[in-house]
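Protein chains get the first letters and strands the later ones, always in sequence-line order, with residue 1 at the start of each.
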Amino acid sequence: MIETVISIGLPVREKLVIKKNRLQPEKLQNRPKRIAIVTGIHGDELEGQFVCYEVTRRIRENIDKLNGIVDIYPCLNPLGMDAVYRNVPKTEIDMNRMFPGNTEGPMIEKVASAIVADIAGSDMCVDLHSSDTFIREVPQVRLSEVWADHLLPYAKLMNVNMIWKNATKTVDESTLGYSLNMLGTPTIVVEMGIGNHIDQSNGMQLADGIFRLMNHLGIWKDEPQQGVEPLVSSDGEIEFIRADESGVFLPCIEYNCEVKTGDKIGDIINPLSGEIIKSYYASVCGLVFSLREYPMVYAGSLLARIIKNDRR
Amino acid sequence: MYLDSICSYHSPYREDFTINGYRFGKGDKAACILGPIRGNEIQQLYICSQLVKKLKELEAKGCISSGKEILVIPCVNHFSINTASRFWAVDNTDINRMFPGTDYGDTTSRIARDVLDAIHEYTYGIQFASFYMSGEFVPHVRMMETGYQNTSLANLFGLPYVMVRKPKPIDTKTLNYNWQNEETAAFSVYTNKNDEIDPVSAKQAVSSVLRFLTRMGIVKYESHSGYISHIINEEDLSNVYTKTAGIFHNYVNAGAEVKYGDLMAEITDPYEGNIVEKIIAPTDGIVFFKQAEPLVNESDIVYRMIHRLHE
């Protein structure tokens with residue numbers, strides 16, 4: 001059942017409408033469990049669109065296995081998504097820095113507040129992101145250190161390649177994930193892929209993870225499925241490789257590959273002089289879970305992130 | 001006065017991004033004044049340029065107190081101004097949401113760190129800032145309620161109002177919040193414009209800073225005493241909302257006194273031109289903030305009023 005979370009009139013003959021699709025069995029048990037799948041806070045993050053489609057499709061085709069409520073919110077920033085713009089158009093505000101919002105604030109704060117109010121009380125929320133247009137990410141869960149211990153068992157069910165505890169920027173205060181966790185709704189933040197792109201294999205992997213999670217919560221009744229055993233790390237076990245020069249970055253590895261200490265990651269070149277400005281190498285063994293796709297860099301630009309892999 | 005480089009970043013395709021500061025006087029790090037961090041803060045750029053001009057004149061006359069240093073950074077982000085981008089042009093991040101920054105983080109986080117490193121030892125910090133909502137304010141000094149805020153000091157600017165804002169999560173990454181946490185007495189000065197220049201309120205802002213510096217014994221400058229500021233908490237402002245979206249016709253400006261029932265604005269239908277809503281003052285008071293866009297959404301905040309205050 002398609003429902004409206006909030007609707008606000010725009011200046012010229014249009015409404016900003018946030019919609020959700022509520023999926024539930026014909027007969028609901030008393031106090032049914034509820035999960036929220038949300039995505040599209042950033043207008044350039046599209047991976048979640050396929051996940052929403054795939055989760056809904058599987059539920060509709062196997063509705064007899066549904067034993068709770070699944071709320072799908074495919075687009076929390078419809079204007080941004082329509083305009084191929086990460087933030088909220090016109091205001092230029094990053095919507096994921098406006099939570100928990102304010103019912104008496106400007107439009108974007110009202111919208112944020114309505115979204116939080118609608119999701120709060122769910123037994124679980126999965127907030128799907130897909131990096132930005134600069135960095136490609138392997139499917140991963142990012143947890144705030146505050147709730148990491150509580151959320152880790154659920155995150156391990158998500159069928160992701162890695163779990164990053166204390167990934168501060170994505171899960172800090174003023175994000176949807178942080179706000180919902182503060183309100184007692186366990187929320188897992190997923191990052192995968194790259195902005196303005198859909199990788200269906202990532203989507204399938206995540207959809208499998210969501211069904212594992214729903215199975216565990218009793219919202220889905222099916223045989224337990226095997227999933228990916230994720231690498232789990234906190235900040236200290238992650239190597240950040242950042243540019244310390246500006247120029248054009250040319251990677252010489254693929255993302256989602258294993259590297260050894262000393263392996264070359266890539267070069268920053270100067271297209272004007274035809275020179276290599278600097279080459280970058282791994283200083284740990286592990287999985288390259290983030291790799292720069294957008295070539296132009298300044299000092300400080302992220303080139304790659306490697307999670308140490310002691311299993312090798 | 002001498003020009004100093006605060007930090008510099010090499011750019012692949014543009015000239016190096018260098019933040020410059022003008023240092024006046026020598027001695028204790030007495031006051032630091034900061035211009036635009038966002039690319040649409042043109043009024044703030046103009047105010048800082050006028051302040052630099054005035055401080056150069058004062059220094060030439062020996063009116064900077066001995067043993068006191070003033071640093072003016074007229075622009076933190078000229079790269080965004082030159083490309084008409086509100087935020088950092090490369091990745092659209094807001095430097096004023098990157099403080100305190102890190103020296104091993106993203107580019108804008110490093111810029112924030114470099115700036116804070118250069119300014120955190122000053123006793124007084126003044127930023128010409130802009131609000132995240134587009135609109136016009138009554139000139140005022142704004143402070144975050146961090147526990148370090150001192151409204152009595154803010155009074156010394158002699159602007160009509162001092163506003164104290166309870167920080168929300170989004171505020172904890174701003175310069176003002178982090179500057180106060182570094183134990184600088186930090187103030188944000190707001191005038192009525194951002195992306196266009198209003199010379200009258202710019203002059204008022206320059207005078208207010210010189211008045212403050214004079215009262216703190218940092219410069220010698222004879223000026224009018226200004227106002228005894230009215231101190232307000234942001235949460236006490238009364239919001240005036242639209243009920244209907246459309247074309248906004250404003251009839252009152254920031255600073256105006258209105259009475260309960262006065263017509264403040266009308267909204268007309270964008271296709272048919274008829275009036276679809278009259279916005280009536282919900283209370284007596286002073287208009288503290290006025291939204292400045294020609295178009296409005298349903299339930300937008302179009303005014304923020306100081307309830308039952310008279311001129």
Within a 6.0 Å radius of atom NZ on A:K19, are there more than 12 heavy atoms belonging to other residues, nucleotides or ligands?
no

Considering only NZ, NE, NH1 and NH2 on the basic side and carboxylate oxygens on the acidic side, decide whether A:E109 and B:K168 come within less than 4.0 Å.
yes

For A:T91, is it the side chain, the backbone, both or neither that has a heavy atom under 4.5 Å from a heavy atom of chain B?
backbone

Nearest 0.5 Å, what's the CZ-CG distance between B:R110 and A:D244?
7.0 Å

To the nearest 0.5 Å, how far apart are CG in B:N92 and CZ in A:R86?
9.5 Å

Between A:N87 and chain B, with a heavy-atom cut-off of 4.5 Å, which part of the residue counts as in contact: side chain, backbone, both or neither?
side chain

Are there more than 12 heavy atoms of other residues, nucleotides or ligands under 6.0 Å from atom CD of B:E235?
yes

Whatever's closer than 4.5 Å to a heavy atom in chain B on A:N102 counts as side chain

Without swapping roles, check the side chain of A:S174 against the backbone of B:P169 for a donor-acceptor pair under 3.5 Å.
no

Is it the case that more than 12 heavy atoms not belonging to B:Y241 sit under 6.0 Å from its OH atom?
yes

Smallest separation among heavy atoms of B:H10 and A:S246, with atom names:
CD2-OG, 2.8 Å

Lys/Arg N to Asp/Glu carboxylate O, B:D171 vs A:R97, below 4.0 Å
no

Identify which part of B:E293 has an atom lying under 4.5 Å from any heavy atom of chain A, answering side chain, backbone, both or neither.
side chain

Check this for me: B:Y260, atom OH, are more than 12 non-hydrogen atoms of other residues, nucleotides or ligands nearer than 6.0 Å?
no

B:R304 bridged to A:E104 by N-O distance under 4.0 Å:
no

Any B:N297 side-chain heavy atom under 4.5 Å of A:K15 side chain
no

Max heavy-atom pair count under 4.5 Å with chain A, selected residue of B:S134, B:S109, B:G246
B:G246

Does any part of the side chain of A:V248, heavy atoms only, come nearer than 4.5 Å to the side chain of B:Y13, both counted from C-beta?
yes

Part of B:D91 within contact of chain A (heavy atom distance under 4.5 Å)
both

Please tell me if the side chains of B:V296 and A:P11 come closer than 4.5 Å, counting only heavy atoms from C-beta onward.
no

Name the member of B:Y271, B:F87, B:F248 that forms the most heavy-atom pairs with chain A at distances under 4.5 Å.
B:Y271

Side-chain contact test, heavy atoms from C-beta onward, threshold under 4.5 Å: evaluate it for B:D106 versus A:Y298 and give yes or no.
no

Could you tell me whether the side chain of A:R242 and the main chain of B:T107 form a donor-acceptor pair under 3.5 Å?
no

Does any heavy atom of chain B fall under 4.5 Å from the side chain of A:M296, the backbone, both, or neither of them?
side chain

Atom CE of residue position A:M182 - does it have more than 12 heavy atoms of other residues, nucleotides or ligands inside 6.0 Å?
no

Pairs of heavy atoms under 4.5 Å with chain B: top-ranked of A:G9, A:P100, A:G247:
A:G9

Would you say CZ of B:F131 has more than 12 non-hydrogen atoms from neighbouring residues, nucleotides or ligands within 6.0 angstrom?
yes

